[in-house]
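Just so we're clear, the structure is a prediction, and the values are computed from it rather than from any experiment.
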Amino acid sequence: MAKKLKLEADISTEEKIKAAATTVFMQKGYAATRTRDIAEAAEINLALLNYYFRSKEKLFEIVMLEKVQKLFGLIIPIVTDETMDLEKKIELITANYIDMLVENQDLPIFVLSEIKNHPEKFANRIQAGSLLSNSSFVKQLHEKVPHVNPIQFLMSVIGMIIFPFVGKPIFQTATGADSTMFNGMMEERKKLIPIWVKAMMAAS
């Protein structure tokens, strides 16, 4: 019983530290964050933080990997599904990504800015390249538009989904849209993007 309680306490403390680290890293970025900042945000002492995570670098790698997997992991089960048709895959990729990003609107710019420093590390850990290139989604796209690189279409779909969240401050300033209006526009994009992609494929 005592071991079980200790395990639960360890898991709780680790999750508390990771949650605090995520908040601080996303606010300050890796370079400006100190382990002391994370300890203060988690309301623990620095020695306890160092007991669970040996260094800021180790903690950042864990947090970043989880964020990268969250950003890119949604796509893998869809693009590798052998039973689903292409149009449905595009609809699901669009809807799932937009729903996730509406709930985590700072995630794209944080991940994209930080991953730029160590692209090979994270790409290798999530094996994105091999999973996508060998997926049924890529094969379906190649059959649909054989003279166009399927990755071009995939990049276009992901770009149409992610870019509005990256450019949100500019869009809001230029249009005067508040968060409710912006989220409504993103909801509308769940219907529009599949239509646009279908038109792109027909025109190619």
Side-chain angles (χ1 to χ4, degrees), residues 22 26 60-171 174-175 177 182-204:
T22 299
M26 291 187 73
F60 181 75
E61 182 176 336
I62 292 170
V63 169
M64 271 298 296
L65 183 59
E66 288 184 0
K67 293 300 179 184
V68 170
Q69 287 175 329
K70 188 169 189 176
L71 189 58
F72 295 104
L74 281 174
I75 198 174
I76 301 303
I78 298 171
V79 300
T80 56
D81 191 322
E82 300 281 350
T83 64
M84 192 182 301
D85 64 45
L86 181 60
E87 287 73 18
K88 186 63 176 179
K89 286 180 180 179
I90 292 170
E91 290 175 8
L92 284 178
I93 290 170
T94 302
N96 287 352
Y97 257 114
I98 288 178
D99 285 344
M100 187 269 287
L101 292 174
V102 165
E103 295 297 318
N104 302 270
Q105 296 195 12
D106 293 328
L107 182 59
I109 195 165
F110 170 73
V111 170
L112 295 175
S113 63
E114 296 291 353
I115 202 174
K116 183 180 178 182
N117 297 321
H118 304 287
E120 300 86 0
K121 178 188 293 185
F122 295 106
N124 290 338
R125 290 288 291 273
I126 63 173
Q127 298 180 331
S130 60
L131 284 170
L132 289 176
S133 62
N134 297 322
S135 69
S136 59
F137 181 79
V138 167
K139 294 174 184 175
Q140 289 167 317
L141 276 173
H142 184 68
E143 291 171 1
K144 190 79 173 181
V145 278
H147 54 287
V148 177
N149 188 336
I151 302 301
Q152 290 282 11
F153 276 97
L154 187 57
M155 286 192 296
S156 296
V157 174
I158 300 301
M160 285 190 287
I161 294 168
I162 293 179
F163 184 73
F165 293 93
V166 175
K168 180 184 175 183
I170 298 173
F171 297 148
T175 64
F182 178 83
N183 290 347
M185 292 173 66
M186 296 306 100
E187 188 68 23
E188 187 178 10
R189 285 182 78 82
K190 288 161 66 173
K191 298 177 182 178
L192 291 174
I193 289 175
I195 295 172
W196 294 335
V197 173
K198 188 174 181 179
M200 286 165 52
M201 289 189 294
S204 298

Contact check, side chains of Met186 and Asp99, non-hydrogen atoms, under 4.5 Å: no

Rounded distance (nearest 0.5 Å) linking atom CD1 of Ile78 with atom CD1 of Ile90: 11.0 Å

Non-hydrogen atoms of Ile161 and Ile93 that approach each other most closely: CD1-O, 4.0 Å

Lys191 and Thr94 side chains, donor-acceptor separation under 3.5 Å: no

Min side-chain heavy-atom separation Gln140-Lys89 under 4.5 Å: yes

Full working for side-chain contact (heavy atoms from CB on, under 4.5 Å) between Arg189 and Ile98: CA-CA 8 Å; Arg189 285 182 78 82; Ile98 288 178; 3.9 Å; yes

Trace of the salt bridge (Lys or Arg N to Asp or Glu O under 4.0 Å) decision for Glu87 with Lys144: CA-CA 11 Å; Glu87 287 73 18; Lys144 190 79 173 181; 3.8 Å; yes

Stepwise ring pair (Phe, Tyr, Trp, His ring centres under 6.0 Å) check, Phe165 with Phe182: CA-CA 9 Å; Phe165 293 93; Phe182 178 83; 5.5 Å; yes

Going by atom type alone, with no hydrogens or angles, which donor-acceptor pairs under 3.5 Å involve a side-chain atom of residues 145-160 and a protein atom two or more places apart or on another chain?
from: Asn149; atom 1: OD1; to: Ile151; atom 2: N; distance (Å): 3.0
from: Ser156; atom 1: OG; to: Gln152; atom 2: O; distance (Å): 2.9

Spacing of Lys198 atom NZ and Ile193 atom CD1 [to the nearest 0.5 Å]: 16.0 Å

Note, Lys139 side chain near His142 side chain (heavy atom, < 4.5 Å): no

Partner of Phe137 by side-chain contact (heavy atoms from CB on, under 4.5 Å), out of Thr80, Val79, Asp81: Val79

pair Met201-Leu86: side-chain heavy atoms closer than 4.5 Å: yes

Side chain to side chain, Phe171 and Phe163, heavy atoms closer than 4.5 Å: yes

